[in-house]
Protein chains: 4
Amino acid sequence: MTTTRFDDDEPDLDALYADLAAADLQPLWRQAGLLPPAPNRLGPHRWDGRTLRALAERAGALVGIDRGGDRRVLALSHPDLGGLPFATHTLWAAVQYLKGHESAPAHRHSPAALRFVLEGSGVWTLVDGDPIAMEPGDLVLTPGNTWHEHRSRGDEPMIWFDGLDLPLVRALDAVFFEPGPDDLTPFSPGDPCRSEERFGRVGLRPAGEAAPGRHSALLVYRWDATDAALRAQLASTGRDHARVRYTDPATGADVMPTLRAELQRVLAGGRTTATRTVGSAVCVVHRGAGSSLVGGHRVDWTAGDVFVVPSWAWAQHRADADADLFVLSDTPVIEALGLGRRAERSETEENTPMPGISRVGGTS
Amino acid sequence: MTTTRFDDDEPDLDALYADLAAADLQPLWRQAGLLPPAPNRLGPHRWDGRTLRALAERAGALVGIDRGGDRRVLALSHPDLGGLPFATHTLWAAVQYLKGHESAPAHRHSPAALRFVLEGSGVWTLVDGDPIAMEPGDLVLTPGNTWHEHRSRGDEPMIWFDGLDLPLVRALDAVFFEPGPDDLTPFSPGDPCRSEERFGRVGLRPAGEAAPGRHSALLVYRWDATDAALRAQLASTGRDHARVRYTDPATGADVMPTLRAELQRVLAGGRTTATRTVGSAVCVVHRGAGSSLVGGHRVDWTAGDVFVVPSWAWAQHRADADADLFVLSDTPVIEALGLGRRAERSETEENTPMPGISRVGGTS
Amino acid sequence: MTTTRFDDDEPDLDALYADLAAADLQPLWRQAGLLPPAPNRLGPHRWDGRTLRALAERAGALVGIDRGGDRRVLALSHPDLGGLPFATHTLWAAVQYLKGHESAPAHRHSPAALRFVLEGSGVWTLVDGDPIAMEPGDLVLTPGNTWHEHRSRGDEPMIWFDGLDLPLVRALDAVFFEPGPDDLTPFSPGDPCRSEERFGRVGLRPAGEAAPGRHSALLVYRWDATDAALRAQLASTGRDHARVRYTDPATGADVMPTLRAELQRVLAGGRTTATRTVGSAVCVVHRGAGSSLVGGHRVDWTAGDVFVVPSWAWAQHRADADADLFVLSDTPVIEALGLGRRAERSETEENTPMPGISRVGGTS
Amino acid sequence: MTTTRFDDDEPDLDALYADLAAADLQPLWRQAGLLPPAPNRLGPHRWDGRTLRALAERAGALVGIDRGGDRRVLALSHPDLGGLPFATHTLWAAVQYLKGHESAPAHRHSPAALRFVLEGSGVWTLVDGDPIAMEPGDLVLTPGNTWHEHRSRGDEPMIWFDGLDLPLVRALDAVFFEPGPDDLTPFSPGDPCRSEERFGRVGLRPAGEAAPGRHSALLVYRWDATDAALRAQLASTGRDHARVRYTDPATGADVMPTLRAELQRVLAGGRTTATRTVGSAVCVVHRGAGSSLVGGHRVDWTAGDVFVVPSWAWAQHRADADADLFVLSDTPVIEALGLGRRAERSETEENTPMPGISRVGGTS
C-alpha cells in the first residue's frame, strides 16, 4: 500500500465508486489507515480508584442486585473505543460491588472471566457448584461456560476487579449466554474447595485424572502464596522489581486460553525495564503508588486505579511506594495466533528520558 | 443477566448515570444485547460473480495499479458490518485484478493472506522472493510478515480471490505494515519454486531442516492435486460430496494459525449434511451452480459468486451442477481459543424442510 | 509367526544354518519366544526391608564412601535378569546409605535419578549447586546431566531409595558419565533452594522465565504436601485408597521424560482396583503393612520392603495397616512411544479370588 | 563414580558380598563399566549384500514359507550383542525373501515394522486389509498393532529390507503378538490403496477426519517421489549430497514414534559432513558404492550391503559412484526421552584424516 493519493474527481470513477457501493464493495485504494505501520488504535487511559469506589458505592445504594441484571458491574469504557463498554479491543475491565448478604445467581457464558479481589470479606464464588472463598488479593477464575454465582454471607460489601475476554469473543461472534436456575446452590462456608483440594498443592495431582485443559485446573490463587513468591523472587534476584505469572498447574499454560494474569511488584524507588509487546493490557493497582511511562505518556497511579497499556506501546513502571500491579492481558491470544513481537529498551536508553512525555488525564 | 428491566427515571439514578459517563464508566445493567444467547451479529450475504467481474474490469480500465495503492482490490463489505470493508468480523474477502504485464510491488504486513485463482494466466506471486506460478484453481499463500509481490508476464489479466485475517488482526490491534523497495525482485519464469522443491512431495522433507511452523511450509497447492484428491474421496466413499482441507505438510496444521482453507465438492443432485459451527466462513464458488441453506435463508449461487456463512448459522449446500466451493474460515482461531462448538443435523431432520426459508438478496 | 515347528535334521539345512551363523545372520523361524503373546520376561519379586537396612548398615561400617565409588549404594538385582544389577528391564532401584558428616562429591550422568528419603536427617543434595534439604518422605530429583552431590551435616546416617532409568538408557546406549571436581560446593544449611523459590508455589512462576522442560522445574516434593494431598483426596472421594502423581509444575508432565513417580495410600482394610498396564514398576513401602496380588502371586509387605510389578501383570494392593507405597514406573516411556495398554478388573471379578495365587519368596 | 579401586580381600567384606548376593543385591562400587564416559557398547559392523542375497535364495529353496514361521526372514545379528538376533540394541534389521505366488498370512504385533524394497515385483503388503503395491525403492510401513500380510501375485521373488523396533520394545517388555486368521484377505491388484487415496497428496487431507497420530497416516512412500525430492534438493543447494526424511503427512512427525527413516544420497566424489549423535542407525545401500568412516573405522560398501552406525560414533559417508543409503534409526526415541546430543565436525577437521582408521571386517 503506497501512500500515493490521487484526486478522484473524474466522472467515470465517481460512477464506478457508486456502483461498487451499490454492490457492497469497497475499493482498497480508498481505505486509508486500514494497514497502519504499527498498532495504533488506542491510547493509554487511566480510571481513578477513588472515583471507581465512590460510584460503585452509589450504585450499591441505588440499584438492587436484581435490577443490575444480577451483577452490579461498572464497565471501564475506553474513550478511544467510540462508546463501547470495553477497556481495550479485547479486554473487558470492570469493578463489581456486592453488598453484605447479597447473592448474584448463577449464569454462564462463553467469555471467560476472572476476579481480583480489591476489598471486603465474607463472599464465595461458586464455579460449577464448587465454593471458593474470596479474600483481598486472591485471584478467582470463572472459565468460559462454567456456571458461576457470587454469594455474600457477611455484613461487609466486597469490591473486586472483573476481567473478561468479552470484547474478543464478541469480535469473533462467539458469545453464548445462558441464565441459570432461580434457586441458589446450597453450600456451607466450611465446605472445601474441590479445585484446591485436587490441584492446590504444587506438583501434585490426582493420579490418572484428566485436567480440564481448556482452562486452569486451579480456580483460585491465594494472595499469601502470590506475596511469598514475589518476596522470594526479590530476595533471590536482588532486583527492585519482581513479576509472577498465574498458570494452570496441570499444564503450565496461562489461566485461560485468552487471558494472561500476572502480578508485578515494584519496590519504592524501583522501576521495571521498558518493554513493548503486541497485545493490550489492563493494570490494576492493588497497593502502593507510582507512575508509568506508557507510549510516551506519563500515568500517575495509586492504589485502586486502573490503567491501560495499549498494543505496542512502550511501558515502564516506577514506584514511589512499594507497589503491586495486577496485570491482565490478551498475550496468549497474540502468541497462539503467531502475532507476537516484543522489544526491550536497553539500560542506556532507559536512562534517557522518553521524548514527548505528556500526562494522561484520567477521570479524577 | 436476567431480562428484568426497570424504568430508569429516578433523578438519583440519572445523576449516577451522568457521573458514570463522565468517568468513562458504563453500568452493565444498561447494556442490553452485550451477551446474546448465541452468536447473532451477522446474517448471510452473497455477492454476485458477474458483477464482481464486471466491476473489477472497469476498475482495471480506470485505475492504474499504482493509483490502486499497488493492489487493485475490491473488498467485499458485508452490509451488517456498518460500512467496514470486511466480509465477516474476522475475514477479509476481495477480488484482485491484475492486468497483463502489470506488477504489484512488494510489501508485507502482519495479517496473513491467501489467493485462490479464479481466471487468467501468466502471473507469479513472489513470497520472500520465491516465485510461485499461479494457475486457476491454485491456492497460493502469503503468510503474515512475508514480502509478497504479484507479477504478470502474460497478456491476459488475472482475477483471484483474496482472503485475509485482517479484520481479526485489526481487532487485536496487531497490524504492522511495511512497504517494500521500489525495485522489483528479478526472477525468470523458469525459476523453480523453492517451497515446492523442499516441501512439495508428500511425506518427504529435507532432513534436519526446520519448517516455518507459524504457517505452512508449502506456499502453493496445485489444482490438479486438489481435484485428484476430491475424485479419489468421492470414489472411495461413494458419497455425492467430498471435502479436503489444505494443511501444512510439515505439521498437519491449518495453512495459517488464523485461517482454514478447504475445498468442498458437491456433485449435481447432491447435498452436504447440515452443520453449524462457531466462527464465520466465506465460500467462493469456483465451479458449478446450486444453492445453500444458510441460517434459514436460501442462497442461490453460480460460478464466481461469493457468500458468507455466519457464526453458528446452520449451513447445507446443494448442487444443481457439479460444484466446487473454496471455503475460507476462521476456525483455527476459534479452536485455539477453546471457543468451538459444532452441531450436525440428523438425516431425519435433514429431510424436513428448514422452517422460514427466505431468499438472500445479493448484489445482482 | 505360527507355532508350526519342523525337525531340522536335513543336511542342506544344517549347512545353511552354519553359513548363516558365519555371516552373522539368524533365521527368524528358529527364534522361538522372540515374539510372545504378551509381555512375560519378568516375574514379581520382593526385597525385605530389614535385610536391606541391615546390609546397608554393614556396608556403612565396612566400606568408606570413597571406596564405594563415592556412592554407598546397594542395587536391587532382579533374579530374572541374569545377574544384571537392575530391578526391572528399565528401572534401577537401590538403597543408598550416607553416614553422618559424609560427603558424596559431584558427578553427573545422562540417566536420570530420584531419591525417596526413608530415614535419617541432616542431609542436603545439591543439584547444579542448588541445595535441597532432605527429610523422610521427601522426593528429590537429580535429572539427567545435572551435577549432584550428597552432603551430611548431621550426626545421623540417612537411608534413601534411589530410582534411576539407567537400565533403559543403557539399553539405548545413551549413557554419559562425568566425574565432578574434587572440591565440594560451598553451601550453608540456611541457603534457600532456588528451585523451590521459583517453582514451589502452586500455579505461580517467574514471569517470562523459561522452565527446563526436559525435566521438572521443581526438584523437591515435600512430604507434608504429599500427605495433605492424599488426605484431601481420601476425604473428598470417600474411598479407602488415594493416589497422587508427582508432576512438573511448569508443564504438568511427569517428573522426568523417563520416570513416573506416584504415592499410593491404602487405608487399613482397603484395597485398590486391580489393574494391569504395559511397563514395569517398583514399589517402595514407606509406611504400613499389607499384601499385593501381582501377576497371580501374593506379595506380603511391610515398611521398608521394595517389590516389583512387572509389565502387564495384574496388580492389586491391600493394606492391613494404613500404608503408603512410593511407586516408580517407566510409564512415560511407554506412553511416549505409543506402546501403552491398560486394563482394569471389574468389581465383580475383583470379588473372585485370582486363580493360582502363590506366595512370592523374597530375601527375608 | 571415581575410578579408585580397592583390593577386596578382607573377610568381613567377603561375608558382606556373599550376604548381598544372597539377598539379590549388588554393591554399586563393584560394577565397573556400568556408567561409561560415553556410549560404547557397540562397534560398527557390515553385512555383505551378495552374501545376504545368496543366503536368502538358499533359504527360499530349502525352507517353505510356512516352515519359516510364515516369514522367510534372515535377521542381521551384530557380533557385539552376544548372540541376540539384533542389528543394534534397539533396531532389528533383516532381509525378507518372498517367492513368486507365495503368501505370508496376517499377524500383528506391538513392535513397528517398515520395509524398504530391494528387488523384485508383483508383491502387495496388506495393512489392516489395505493393499499396498510394492516396488523397488518404495518404503512401506506396517505400524505397531496393525495386521499385515505379504502377497505375491507375480512370478519373481521379491527381497526387501525389514526394519523393526523389536529390540527396543523387547527391552521395554512390551511385546504383544497375535497370529491372524488362516484365510487370506481377498484383494484385487487393481484395488486402490486407501491410505494413499486419503493422505497421498501433499498438503491435502480429508476434511474433518482424524489421522492415526501414533504413526504415519501414509503407509507407503514411492521411490519416484523420493528420487525427485533428492534431485531437487541437490539442484537447489548445489551440494554433492542430499538427505530427505520420511514423515507423517498428517503431523510432520517421524513415520513411527520409535523409528526415523531417511534417504541419504551422495554423488560420486561427494561426501557428507562428519556427525555423531546419540542413538544407533542401520544403513542399507540401495544403489552405488563408497565407504564410510564410522567411529574411526572404514566401512567399504556397495549396493545391497547393510552396515551399522553405533551410538555416538562419528560417521561420514563418501561415494565412489552415485549412492543412495536408506537410513533407519532410533532417533525419535532418543529425542522423546530427552537424551539427544549431536556434534558436527568442522570443515577444517574434516580435511584431517581421522586417527586410527581400521577397516571393518564384514561377512564377505
Side-chain angles (χ1 to χ4, degrees), chain C residues 1-2 4 6 12-13 16 19-20 23-29 31 35-39 41-42 47 51 55 58-59 62 66-71 73-77 79 85 89-90 107 109-110 169 171-177 179 214 257-258 278 280 311 333-334 336-339 363, chain D residues 1-2 4 6 12-13 16 19-20 23-29 31 35-39 41-42 47 51 55 58-59 62 66-71 73-77 79 85 89-90 107 109-110 169 171-177 179 214 257-258 278 280 311 333-334 336-339 363:
Chain C
M1 232 119 305
T2 67
T4 318
F6 292 80
D12 285 357
L13 266 183
L16 174 62
D19 291 349
L20 287 170
D24 296 316
L25 297 171
Q26 300 193 25
L28 172 63
W29 59 92
Q31 294 288 340
L35 288 167
R41 301 187 65 205
L42 220 59
W47 289 261
T51 308
L55 289 167
R58 276 172 63 191
L62 289 172
D66 55 342
R67 181 176 196 145
D70 296 342
R71 298 291 189 273
V73 165
L74 303 181
L76 281 57
S77 171
H89 286 87
T90 55
H107 66 201
H109 38 68
S110 52
V169 179
L172 298 170
D173 206 2
V175 175
F176 291 83
F177 175 83
R214 275 203 343 195
T258 49
V278 176
S280 58
S311 184
V333 178
I334 299 295
L337 304 183
L339 295 165
T363 58
Chain D
M1 232 120 304
T2 67
T4 318
F6 292 80
D12 285 356
L13 266 183
L16 174 62
D19 291 348
L20 287 171
D24 297 314
L25 296 171
Q26 298 192 26
L28 173 62
W29 58 93
Q31 295 288 340
L35 288 167
R41 303 189 61 206
L42 220 58
W47 290 261
T51 308
L55 289 167
R58 275 172 65 191
L62 289 172
D66 54 341
R67 182 175 194 149
D70 296 342
R71 299 289 190 274
V73 165
L74 303 181
L76 279 58
S77 171
H89 286 88
T90 56
H107 64 202
H109 38 67
S110 53
V169 179
L172 298 171
D173 205 1
V175 175
F176 291 84
F177 175 82
R214 276 207 336 198
T258 49
V278 176
S280 59
S311 184
V333 177
I334 299 296
L337 305 185
L339 295 164
T363 58

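These numbers come from the heavy atoms of this one structure, side chains and all, not from hydrogens, waters or symmetry mates. Chain naming here is simple, since letters A, B, ... match the order of the sequence lines and numbering starts at 1 in each.
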| said: Taking side chain as everything from C-beta outward and backbone as N, CA, C, O, which of these in D:Ile334 sits under 4.5 Å from a heavy atom of chain C? Side chain, backbone, both or neither. | reply: side chain

| Between C:Val278 and chain D, which part of the residue has a heavy atom less than 4.5 Å away: side chain, backbone, both or neither? | side chain

| request: Flag the one option from C:Pro257, C:Pro37, C:Ser280 with the top tally of heavy-atom pairs under 4.5 Å to chain D. | output: C:Pro37

| field | Pairwise side-chain contact, D:Phe176 with C:Pro39, heavy-atom cut-off 4.5 Å (strictly under) | value | yes

| request: Check whether any side-chain heavy atom of D:Leu55 sits under 4.5 Å from a side-chain heavy atom of C:Leu25, and report yes or no. | output: yes

Please check: side-chain N/O of [X] versus main-chain N/O of [Y], any donor-acceptor pairing under 3.5 Å?
{"X": "C:Asp24", "Y": "D:Pro79", "value": "no"}
{"X": "C:Thr258", "Y": "D:Leu337", "value": "no"}
{"X": "D:Ser77", "Y": "C:Gln26", "value": "no"}
{"X": "D:Arg214", "Y": "C:Gly338", "value": "yes"}

Gap between atom [atom2] of [Y] and atom [atom1] of [X] - 0.5 Å precision:
{"X": "D:His109", "Y": "C:Leu35", "atom1": "NE2", "atom2": "CG", "result": "6.0 Å"}
{"X": "C:Leu74", "Y": "D:Leu28", "atom1": "CG", "atom2": "CG", "result": "9.0 Å"}
{"X": "C:Leu13", "Y": "D:Arg58", "atom1": "CG", "atom2": "CZ", "result": "9.5 Å"}
{"X": "C:Leu172", "Y": "D:Ser311", "atom1": "CG", "atom2": "OG", "result": "8.5 Å"}

| Which heavy atom in D:Ala171 sits nearest to a heavy atom in C:Ala171, and how many Å separate them? | CB-CB, 4.2 Å

| request: For side-chain contact (heavy atoms from CB on, under 4.5 Å), just list the numbers for C:Trp29 and D:Asp66, CA-CA rounded to whole Å, side-chain angles, deciding distance to a tenth of an Å, and then say yes or no. | output: CA-CA 9 Å; C:Trp29 59 92; D:Asp66 54 341; over 6 Å; no

| Among D:Leu62, D:Asp173, D:Val73, which residue forms the greatest number of heavy-atom pairs with chain C at distances under 4.5 Å? | D:Asp173

| task | Tell me, out of D:Ala336, D:Ser110, D:Pro36, D:Ala59, who's got the most heavy-atom pairs with chain C below 4.5 Å. | result | D:Pro36

